[in-house]
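Keep in mind that the numbers below use all heavy atoms, side chains included, and drop hydrogens, waters and symmetry copies. If you read the sequence from its start, that first residue is 1, and numbering goes on from there.
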Amino acid sequence: MLNARKKIIVIALGGNALIQMGEAGSIAEQFANTRKSIEGIVHCIKSGYDVVITHGNGPQVGDLLLMVELSQGKAQELPLGVCVADTEGAIGYMIQQTLVNRLQKERIRKCVVTILTQVIVDKDDPAFKNPTKPIGSFYNEIEARKLMDEKGWAMVEDSRRGYRRVVASPKPIEIVENESVKRLMEAGEVVIAAGGGGIPVIVEKDGSLEGVDVVIDKDYASCVLALDVKADYLMMLTGVDKAYIDYAKPNQTPLGAITVKEAERYLAEGHFPEGSMGPKIQAAVNFIKGGGKCAYITGIDKVEETLAGKSGTKIVP
Ligand code: ADP
Ligand code: MG
């Protein structure tokens, strides 16, 4: 059993935690950003929380897909599911090493461990028939037609930047390795799991798992993981300190504490786009409805202030 008195927090690191806007995203830059981004996590650990970390992988998986493409005919092709696994491992390593080094300075003896996490999706999820999530490079029209023909990719035109591959993004149902995550937490370790939304798998008729070349939204996967480990709090760290209604309009209004009902109303009114803030608000709603105490959306450098009620958007029952 997880220690009932301890507070459990799942912290989801957004894309800007490892690669800042305008950067190429070299490994040196990613390590430097990670060092800054873990300060909030260190604060939680020092304050006595049991911490589980999740993270995105958009730019990293985009780079890897480009490498696969450029090495065609020379190196073996890697399917998308394996690319997700590769980036989950590499990003996990960066966070793991950075956090262990930082905890050592605090004289906190804790193991930090990354779990390559498989996440079950429903093979009948309607998302499979309607790929919407753009990934990887941009192409011109001729290249795009060739890729659609030769590889069967679905592609969409981005008004200014060209064509881009889109893949399905089905909803996560279950974290395959959730018992392992719980056991490591019970042992007092800091766990990094469901990185990049996890490696998508479906369950075959005989119960066996099979990888699928789709991607899972990291905010939804973080919510499923948070409910599995019976987390008290789900905190999504991103590029803004709060969620807004009328975002980027002259009358934009930041949200402080809102109820699930208010969050659902704003979602229905279209304040939170599908590709960015929408999944965070929906994940927060799902988390609270599933029994979580409180979900936060805040900036990467605002963890302490947010827990003290001085920043961030808070979604409560
Ligand atoms: P992450 O990598 O952290 O998931 P996303 O880009 O997917 O980041 O989502 C966060 C971004 O959503 C913010 O940086 C902001 O630019 C954008 N955004 C869109 N709508 C809103 C909104 N209503 N309130 C706040 N931010 C919003
Ligand atoms: Mg996002």
Side-chain angles (χ1 to χ4, degrees), residues 10-21 23-42 44-45 51-68 78-103 110-119 133 135-136 167 169 172 175-177 180-181 184 189-201 211 213-226 234-239 279-280 283 300-301 303:
V10 172
I11 300 184
L13 297 173
N16 66 328
L18 276 85
I19 302 179
Q20 299 280 327
M21 262 253 270
E23 287 178 352
S26 71
I27 291 298
E29 283 170 334
Q30 295 193 50
F31 265 109
N33 291 324
T34 306
R35 275 196 283 277
K36 289 186 218 145
S37 298
I38 59 165
E39 284 308 312
I41 293 168
V42 173
C44 290
I45 294 169
V51 179
V52 179
I53 303 165
T54 69
H55 59 83
N57 71 340
Q60 291 86 354
V61 90
D63 260 1
L64 184 52
L65 290 167
L66 181 60
M67 287 183 218
V68 169
L78 301 177
L80 178 57
V82 174
C83 291
V84 173
D86 276 358
T87 56
E88 191 181 23
I91 297 170
Y93 153 62
M94 285 191 269
I95 300 172
Q96 203 171 305
Q97 188 187 71
T98 310
L99 188 54
V100 163
N101 285 345
R102 181 67 179 76
L103 290 177
K110 253 187 192 298
C111 290
V112 183
V113 57
T114 300
I115 297 212
L116 286 181
T117 315
Q118 301 175 87
V119 178
K133 174 74 185 169
I135 56 162
V167 296
S169 186
I175 310 282
V176 176
E177 288 80 10
S180 308
V181 174
L184 288 164
E189 306 197 2
V190 179
V191 185
I192 304 164
I199 307 153
V201 296
D213 293 323
V214 299
V215 292
I216 300 172
D217 180 87
K218 72 129 185 352
D219 297 317
Y220 288 138
S222 303
C223 170
V224 173
L225 179 65
L234 169 62
M235 184 177 269
M236 289 166 273
L237 302 181
T238 188
K280 292 185 204 308
I300 209 98
D301 56 345
V303 173

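- To the nearest 0.5 Å, atom CD1 of residue I216 and atom NZ of residue K133 are 12.5 Å apart.
- A heavy-atom distance below 4.5 Å is found between the side chains of R102 and E39.
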Q: Start with the C-alpha gap between T114 and Y93, add the side-chain angles, then the distance that decides, and say whether side-chain contact (heavy atoms from CB on, under 4.5 Å) holds.
A: CA-CA 7 Å; T114 300; Y93 153 62; over 6 Å; no
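- In terms of heavy-atom proximity, A24 sits nearest to E29 at N-OE1, 3.5 Å.
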Q.
With side-chain contact (heavy atoms from CB on, under 4.5 Å) as the criterion, how do V42 and L99 come out once you've worked through the C-alpha distance, each side chain's angles and the decisive distance to 0.1 Å?
A. CA-CA 8 Å; V42 173; L99 188 54; 3.8 Å; yes
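- Taken from CG in L225 to OG1 in T54, the straight-line distance is 7.0 Å, to the nearest 0.5 Å.
- The two residues I192 and V112 make their nearest non-hydrogen contact at CD1-CG1, 3.8 Å.
- One distance of note links OG of S222 with CD1 of I175; it measures 8.0 Å at 0.5 Å rounding.
- Heavy-atom minimum distance, I115 versus E88: O-OE2, 3.7 Å.
- Going from atom CG of L103 over to atom SG of C111 covers 10.5 Å, rounded to the nearest 0.5 Å.
- Residue L184 is tested with V52, V113, V190 for a side-chain contact (heavy atoms from CB on, under 4.5 Å); the sole match is V113.
- In this structure, the side chain of D213 engages the main chain of G81 through a donor-acceptor pair within 3.5 Å.
- Annotation: the span from I11 atom CD1 to S37 atom OG amounts to 11.5 Å, rounded to 0.5 Å.
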Side-chain polar contacts of residues 55-66 - donor-acceptor pairs under 3.5 angstrom, sequence neighbours left out - could you list them?
unit_1, atom_1, unit_2, atom_2, d
N57, ND2, T87, OG1, 3.0
Q60, NE2, Q30, OE1, 2.9

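- The two atoms that bring I199 and A85 nearest to each other are CD1-CB, 3.6 Å, heavy atoms only.
- In this structure a side-chain-to-backbone donor-acceptor pair under 3.5 Å is missing from T34 to L18.
- At least one side-chain heavy atom of I135 sits less than 4.5 Å from a side-chain heavy atom of L80.
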**Q.** V119 and V224: CA distance, side-chain angles, deciding distance, side-chain contact (heavy atoms from CB on, under 4.5 Å) verdict
**A.** CA-CA 9 Å; V119 178; V224 173; 6.0 Å; no
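- Nearest heavy atoms, L13 versus I300: CD2-CD1, 4.1 Å.
- Taking all atoms of both residues into account, the shortest heavy-atom contact from A226 to L234 is CB-CD1, 4.4 Å.
- Within the 4.5 Å cutoff, the side chain of M94 has heavy atoms near those of the I27 side chain.
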Q.
Checking V303 against I41 for the side-chain contact (heavy atoms from CB on, under 4.5 Å) test, could you report, in this order, the C-alpha distance in whole Å, the side-chain angles of both residues, the deciding distance, and whether it holds?
A. CA-CA 8 Å; V303 173; I41 293 168; over 6 Å; no
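- Distance OH/Y220 to NZ/K280: 10.5 Å, rounded to 0.5 Å.
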